[in-house]
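Numbers here simply count residues along the sequence, with the first being 1.
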Amino acid sequence: MRITKAENLLVDEEVLSGESVPLSKTSQLLFEEQKEVFGSKNILFAGTSVISGEVEGVVIAIGKQTFFGEIAKLATGISKESTYEKNLLRFSKIILRIVVGTIIIVYLLNLIITKLGIFNRGQITDLDFLIFSIALIVSIIPEALPVVATFALSQGAIALARKKVVVKRLSAIEGLGSIEILCTDKTGTLTENKLSLEDIYSLDKNKCLLYGLLCSSYIKEKIESLPNPFDSAILKKASSEIRNSLKNFNSLSEISFDPFRLKTSMLIEDQQGKRILIVKGAPEVILKISSQWKDSLAEKEIKEKIEKEGRAGKRILALAYKEFEKGIFTEDDEKDLKFLGYFSFADPLKKTAKSAITLAGSLGLRIKILTGDSLEVAGAIAKEIGLIKDQNEVILGNTLEILSEENFEKICDDYSVFARISPVMKFKILTALQKKYEVGFLGEGVNDAPALKVANVAIAVKEGAEISREVSDIILLKKDLRAIIDGIQEGRNIFYNIQKYIKNTLASNFGNFYSIAAIALVIPFLPMLPVQILLVNLLSDFPLIAIATDKIDIEELKRSKLYQLHQIIFLIVLLAIVSTAFDFIFFAIFYKSGDRLLQTLWFIESILTEIALIFSVRTHHFFLKARRPSSPLILFSILAAAITILLPFTNFGREFFHFVSPPASALFIVASVLISYFFASEIVKLVYFRYWKLKLERAS
C-alpha cells in the first residue's frame, strides 16, 4: 500500500527483514528509486504489522503481485533432493552393474571352459555354478546398509532431540554432517533479540531515565498502542521509585516521531505546575538543538563518545530539555535546549554465541551472517564473536545488486557478513554458494522461505512462520546457533560411521568376490558352497551393524567432503586388491587339502579378515592411536569371531554347512595369514592417507 497520510507511524517489518526494531514510515515522496524493502519508507507491505500511529493509503498490489507473493513464488518453485541420497543411488547402480557384468562373464567363461575341457571341472554342473554365481552376487551387495543407516540415523535423531533439535526426515541428519557453510541471521540466533539499555551517559542518570520515560507513551493515561522497544528498555532499567514518580506528571502536548524530524517531543507538567519540554531522538538532531553546555570540551567529548558507540553497532537516543511557560508548543520552540545525556541500546549476544563460532571453526564449518540490520550493527556483532577482524569486512545488499555474476559468486564466497539483505538476495546468495558447497540455512520468517527451500539443509525455529517450518528439514526448539553446531557435529559422526560400513564391506566383499570367482574357474570343486557364502555374508555383517555406535576421531569431523563416496572409491579398490592377493596366497597354501577342508578354512579366513578390516578402516591413523572402539562394536566382533571359529567343530556346522573340523596347524596358518593381511591393509591405508590426503582436501 502506498501511504498517502501517516501520523506517528511505526511498523514492524520483522517478517520481511528478520529485524525486530520497528521502522518509521512516511507519506513523503522519495527522491530516488529504492531497490530494497528497507528503503521503501512510503510503502506498507502485506504481512507487516503497525505498531503505533495512524495511516491511510492506496492499495497498489495484491496476492501474487505483493512482496509476499514473490516470496511464495520462489518457495513453491523449488524442489530438492539430498546430495548424499543422489550420490548413494548413483554409487549403488555402478556397483550393481559391475557385479552383474562380472558374474555374467564368469558364468560364460565357466561354460566355455567346461565345453572345451581346458580345466578339470570335476562334478560341478552348470546348475551348481549358476546357484554359486547367484550366491556371489548376494554376498557382495551391502544389504545391511539400510539397517546400519536407519539405526545410525535413528540414534542420531534421539541424540539431537535431547539437544532441542527435531529432525523431520532422517536423511536430513546426514545432510547436517555434510554442511560446509551455514548461513544464519544474527537476531535471536547470535543475539537475544531483546533490545536492552546498555549504558546511560549523563551527569544525572536517574534524571535522564525519568525524562526518557516522560517523553514516551508511559506518561499517558491510556497507552493506545504497544510501546516501542526503546521505551520498554528504558522502563526496564528504571528503578521502582522512578516508575512510581511518573504518576506525578501530566502530558500537555506532543509532537510525534517521524523519519524527517528524527525526534519526539513532549510537554509535561508536574504537580507544582512546572512545565518542561523534553525532546528525545537521534543524537545528531538533539545535539544541533542543544546550546546549554558546561564547556566546549563536554560537547566535543559527547560527540566522540557517540561516534564510538555508533561504530560499535550500538543504537543511540539522545535527550535534551528546557523549562517552558506555555501550555502548547511548536517545532520552533525546539531550540536552546539543555543536553541531558544519551542512552546506548544493544541487542545482547547470547552466552553461547562465541563458543558456537569456536566450535564451528574446529569442525571446519564456515558461518555466514545474512541480516537485514545495518552494516554497523552487523559488523559489531560479527567482530565481537570473532567471525571477522574488521567492520570493513561487511558488504551491503545494494552493493551485491550491481555485481556481475562472476564477481557476485566470488564475493559470496569471500565475505562472511552481509547486511541489509532482502529475501530475494538471500535466495541468490545461497544459490551461488551451492555451486561449490553444501549449504545449510537457518531462518524463521516468511521472508526466509525461498532460502530455506533451496538450501541443502533447511533449519527453522519453532516460533517461526508456518511456511518456514513447512519447508524446513529440521526444527529448532531453542533458537541458538550452538544447538545447530552440535547438530552438525552429531550429523558428521553418523555420516562417517555409515561411510565406515561402506568402505569395509565393499573392500572385503569385492576382494573375496573376484578371488572366489577366478579360483572357481580353475579347480574341480567350488571354493565355497552357496550356503557357506550366505553364512559368511550374515556373520560378517553382524558386527558391522554395531559400527553405527562407533566413536570418531576429532580431526575426522573437520573434513566433511574427504570421505564422500567418490573420494573413497580409490581406497576401496586398493584394499580390495590386498584382500584378493591374500585370498590367492591362502589358496596356494591350502588348494591340495581337499574340498571340505579348503571350504571350511576359507570360510573362517573370510569372516575373520572382514572383522579385522573393521578395526583398520575405522580410522585413518594407525589403529592403536585411534579412539577406543565402541563397546557394542567390540562385543559384536568378538561374538561373530567366536561363532566363526567354533561352528566347524559342531555337529550342526558339519551337517548343515558341510564343514569339517580343521586341525590346529591349519588354524595357526590361517591366523598367520590373518595377521599379515591386517598389517598389509594398515600399511596401504596409512600410505594412502599419507600421499593422498592433501589431494583429497584440495578436491573437497
Novice: Look up atom CD1 in Ile488 and atom CG in Leu176, then write down how far apart they are to the nearest 0.5 Å.
Specialist: 6.0 Å
Novice: Please check if atom NZ in Lys164 has more than 12 non-hydrogen atoms from other residues, nucleotides or ligands closer than 6.0 Å.
Specialist: no
Novice: Is there a side-chain contact between Thr549 and Phe151, using heavy atoms and a 4.5 Å cut-off?
Specialist: yes
Novice: Calculate, to the nearest 0.5 Å, the distance between atoms OG1 and CD belonging to Thr191 and Glu384 respectively.
Specialist: 10.5 Å
Novice: Would you check if the side chain of Ser472 reaches a backbone N or O of Arg469 as a donor-acceptor pair within less than 3.5 Å?
Specialist: yes
Novice: So for atom NZ, which belongs to Lys478, do other residues, nucleotides or ligands contribute more than 12 heavy atoms lying within a distance under 6.0 Å?
Specialist: no
Novice: Is the side chain of Ser579 donor-acceptor paired with the backbone N or O of Leu575 at a distance under 3.5 Å, no angle test?
Specialist: no
Novice: Within 45° of the ring axis of Tyr496 and under 6.0 Å from its six-membered ring centre, is that where the NZ or CZ of Arg618 lies?
Specialist: no
Novice: Is it the case that more than 12 heavy atoms not belonging to Glu470 sit under 6.0 Å from its CD atom?
Specialist: no
Novice: Would you confirm whether Glu682, through its side chain, and Phe623, through its main-chain N or O, come within 3.5 Å as a donor-acceptor pair?
Specialist: yes
Novice: Once you round to the nearest 0.5 Å, how far does CD of Glu605 lie from CD1 of Ile585?
Specialist: 10.0 Å
Novice: Of Leu160, Val165, Leu442, Val166, which meets side chain to side chain contact (heavy atoms under 4.5 Å, CB included) against Ile474?
Specialist: Val165
Novice: Take the angle between the ring planes of Phe657 and Phe659 and call it parallel below 30°, perpendicular above 60°, tilted in between.
Specialist: parallel
Novice: Would you say the rings of Phe542 and Phe636 are close, in the sense that their centroids are separated by under 6.0 Å?
Specialist: yes
Novice: Give a yes or no on whether the backbone of Leu529 and the side-chain of Gln532 come within a donor-acceptor separation of less than 3.5 Å.
Specialist: yes
Novice: Between Leu667 and Ile604, is a side chain to side chain contact (heavy atoms under 4.5 Å, CB included) present by the stated rule, with each step listed?
Specialist: CA-CA 9 Å; Leu667 290 176; Ile604 295 173; 4.0 Å; yes
Novice: How long is the span from the CD1 atom in Ile634 to the CD1 atom in Ile614, to the nearest 0.5 Å?
Specialist: 11.5 Å
Novice: When you measure from the side chain of Arg492 to the backbone of Ile179, do you find a donor-acceptor pair of N or O atoms at a distance under 3.5 Å?
Specialist: yes
Novice: Is the count of non-hydrogen atoms from other residues, nucleotides or ligands lying under 6.0 Å from Phe649 atom CZ greater than 12?
Specialist: yes
Novice: Please tell me if the side chains of Lys168 and Ile475 come closer than 4.5 Å, counting only heavy atoms from C-beta onward.
Specialist: yes
Novice: Please report the C-alpha distance between Ile485 and Leu182 in whole Å, then the side-chain angles of each, then the deciding distance to 0.1 Å, and finally whether the side chain to side chain contact (heavy atoms under 4.5 Å, CB included) criterion is met.
Specialist: CA-CA 9 Å; Ile485 307 299; Leu182 177 63; 4.2 Å; yes
Novice: Is it true that a side-chain atom of Ser672 and a backbone atom of Phe668 form a donor plus acceptor pair closer than 3.5 Å?
Specialist: yes
Novice: So, the side chain of Lys685 versus the backbone of His620: is there a donor-acceptor pair under 3.5 Å, distance only?
Specialist: no
Novice: Treating Lys350 as the side-chain partner and Leu481 as the backbone partner, does any N or O pair qualify as donor plus acceptor under 3.5 Å?
Specialist: no
Novice: Could you tell me how the ring of Tyr677 sits relative to the ring of Phe582: parallel (under 30°), tilted (30 to 60°) or perpendicular (over 60°)?
Specialist: perpendicular
Novice: Which atom names give the shortest non-hydrogen contact between Leu686 and His621, and what distance separates them?
Specialist: CD2-C, 3.7 Å
Novice: Please list, chain by chain and in numerical order, all residues satisfying ring-ring contact (aromatic ring centres under 6.0 Å, His included) with Phe590, sequence neighbours excluded.
Specialist: Phe586
Novice: Would you check if there is a donor-acceptor pair between the side chains of Glu610 and Asn504 at a distance under 3.5 Å?
Specialist: no
Novice: So, taking the atom named CD1 in Ile357 and the one named CD1 in Ile385, what distance separates them when rounded to the nearest 0.5 Å?
Specialist: 4.0 Å
Novice: Given side chains that start at C-beta, do those of Glu180 and Lys436 come closer than 4.5 Å, heavy atoms only?
Specialist: no
Novice: Show your reasoning for whether side chain to side chain contact (heavy atoms under 4.5 Å, CB included) applies to Tyr415 and Ile388.
Specialist: CA-CA 9 Å; Tyr415 278 76; Ile388 59 175; over 6 Å; no
Novice: Hey, are the side chains of Leu387 and Lys383 touching, using non-hydrogen atoms and a 4.5 Å cut-off?
Specialist: no
Novice: Is any side-chain heavy atom of Ser637 less than 4.5 Å from a side-chain heavy atom of Leu633?
Specialist: yes
Novice: Taking the side chain as every heavy atom from C-beta outward, state whether Asp583 and Trp602 have any pair of such atoms under 4.5 Å apart.
Specialist: yes
Novice: Identify the two heavy atoms, one from Asp413 and one from Lys368, that lie closest to each other, and give their separation to 0.1 Å.
Specialist: O-NZ, 3.0 Å
Novice: Could you work out, with ring-ring contact (aromatic ring centres under 6.0 Å, His included) as the rule, every residue matching Phe584, not counting sequence neighbours?
Specialist: none
Novice: Report yes or no: do Ser355 and Arg482 form a side-chain donor-acceptor pair below 3.5 Å?
Specialist: yes
Novice: Looking at every non-hydrogen atom in both residues, tell me the closest pair between Ala451 and Phe441 and how far apart they are.
Specialist: CB-CE2, 3.6 Å
Novice: Inspect the contact between Asp550 and Arg628 and indicate whether a charged nitrogen and a carboxylate oxygen are less than 4.0 angstrom apart.
Specialist: no
Novice: For Ser661 and Arg654, which I'm curious about, is there any donor-acceptor pair between the side chains at under 3.5 Å?
Specialist: yes
Novice: Write down the atom of Thr619, the atom of Ala626, and the distance for their closest heavy-atom approach.
Specialist: CG2-CB, 3.4 Å
Novice: Can you list everything that forms a side chain to side chain contact (heavy atoms under 4.5 Å, CB included) with Thr650? Sequence neighbours excluded, please.
Specialist: Leu647, Phe652
Novice: Looking only at non-hydrogen atoms, find the nearest pair between Leu574 and Val684 and report the distance.
Specialist: CB-CG1, 3.8 Å
Novice: Judged by atom type as modelled, is there a donor-acceptor pair below 3.5 Å linking the side chain of Thr505 to the main-chain atoms of Tyr501?
Specialist: no
Novice: Please examine the side chains of Ile459 and Asp473, heavy atoms only from C-beta on, and report whether any two atoms are closer than 4.5 Å.
Specialist: no
Novice: How long is the straight-line distance from OG1 of Thr184 back to CD1 of Ile367, given to the nearest 0.5 Å?
Specialist: 7.5 Å
Novice: Go through the steps for Phe678 and Phe615 under the test ring-ring contact (aromatic ring centres under 6.0 Å, His included), then give the verdict.
Specialist: CA-CA 9 Å; Phe678 178 78; Phe615 295 92; 8.2 Å; no
Novice: Report yes if the side chains of Leu430 and Asn456 come closer than 4.5 Å at any heavy-atom pair, otherwise no.
Specialist: no
